[in-house]
Amino acid sequence: QVQLVESGGGLVQPGGSLRLSCAASGFTFRYYAVAWFRQAPGKEREGVACITNNIGYTDYADFAKGRFTISGAVGGAPVTLDMNNLEPEDTAVYFCAIDRFQEGRCKLSRDPYDYWGQGTQVAVSS
C-alpha cells in the first residue's frame, strides 16, 4: 500500500537548478526517515540526502553539501530536494525512499530503507 512517486526531473544546463518532489502515501508510521538516492549508469546507488519526520534532522553526501537542500517530512509534509549549481556528474536517476523505523539520525546507506519509488531522471548537459 505504501507508494512513493518522484517528480521534477528533467534536462538542465550546468549551473542550473531543479526541485525534486517525493509524494508518499499509504502509510501512518510514527517515526520514519525519507532519503534521496541516485544511480548513474554503471554505478551503484548512492545516498544524496535524508531527513527525519520527528525533528527534521538532515544529512547530506559530500557532493551535495552546499548545493542541495532537503526539506519536509516533519509533520508528514512532502519531501523535496532542491538542487543548485548542477554539474554533469549529477546526471542520474534519483529515487526517494522511506525508512519506517528511523527514530534518530537518518542514514545515507541503502540498507535501512524499506520502500522505494520508481525514480525520476535528471540530466545535466555539458
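For the numbers below, each heavy atom of this structure counts, side chains included, while hydrogens, waters and symmetry mates do not. Throughout, residue positions are numbered sequentially from 1 according to the sequence presented.
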Considering all heavy atoms of both residues, which atom of D59 and which atom of C106 are nearest to each other, and what is their separation? N-SG, 4.2 Å

May I ask you to check whether over 12 heavy atoms, not counting those of Q118, lie within 6.0 Å of atom CD? no

What are the two closest non-hydrogen atoms of P14 and S126, and how far apart are they? CG-CA, 3.8 Å

Go through the structure and list residues passing side-chain contact (heavy atoms from CB on, under 4.5 Å) with S71, not counting sequence neighbours. T69, T80

Give a yes or no on whether a salt bridge exists between R100 and D114, defined as a side-chain N under 4.0 angstrom from a carboxylate O. no

Minimum-distance pair of heavy atoms, taken over all atoms of V74 and I55: CG2-C, 4.0 Å

Please check if the side chain of T91 supplies one atom and the backbone of A123 the other of a donor-acceptor pair under 3.5 Å. no

Quick one: do Y113 and V93 end up in the same hydrophobic cluster if we chain Ile, Leu, Val, Met, Phe, Trp and Tyr together by side-chain heavy atoms under 4.5 Å apart? yes

Which heavy-atom pair separates A73 from T52 by the least distance, and what is that distance? CB-O, 3.8 Å

Going hydrophobic residue to hydrophobic residue with side-chain gaps under 4.5 angstrom, can you get from L108 over to W36? no

Could you check whether any side-chain heavy atom of M83 comes within less than 4.5 Å of a side-chain heavy atom of V48, counting everything from C-beta outward? no

Under-4.0 Å salt bridge between R38 and D90: yes

What ring-ring contact (aromatic ring centres under 6.0 Å, His included) pairs are there with at least one residue in residues 54-97, not counting sequence neighbours? none

Test your reading of the model: is there a side-chain donor-acceptor pair from Q39 to the backbone of E44, 3.5 Å cut-off? no

What are the two closest non-hydrogen atoms of Q121 and A92, and how far apart are they? NE2-O, 3.3 Å

For residues S7 and T120, determine if any side-chain heavy atom of one lies less than 4.5 Å from a side-chain heavy atom of the other. no

How far does OG of S17 sit from CG of D82, to the nearest 0.5 angstrom? 8.5 Å

Answer yes if I51 and V2 sit in the same cluster of Ile, Leu, Val, Met, Phe, Trp and Tyr residues linked by side chain heavy atoms under 4.5 Å apart, and no otherwise. yes

Do V122 and F37 belong to the same hydrophobic cluster, where Ile, Leu, Val, Met, Phe, Trp and Tyr are linked whenever their side-chain heavy atoms lie under 4.5 Å apart, directly or via other members? no

Do W116 and L20 share a hydrophobic cluster, counting only Ile, Leu, Val, Met, Phe, Trp and Tyr and linking them when any side-chain heavy atoms are less than 4.5 Å apart? no

How far does CG of L81 sit from CD of E6, to the nearest 0.5 angstrom? 11.5 Å

By the disulfide bond (SG atoms under 2.5 Å apart) test, which pairs, at least two apart or in different chains, include something from residues 6-38? C22-C96

4.5 Å side-chain heavy-atom contact, Y32 and Y115: no

Decide yes or no for S125 and L11: does some side-chain heavy atom of the first lie under 4.5 Å from some side-chain heavy atom of the second? yes

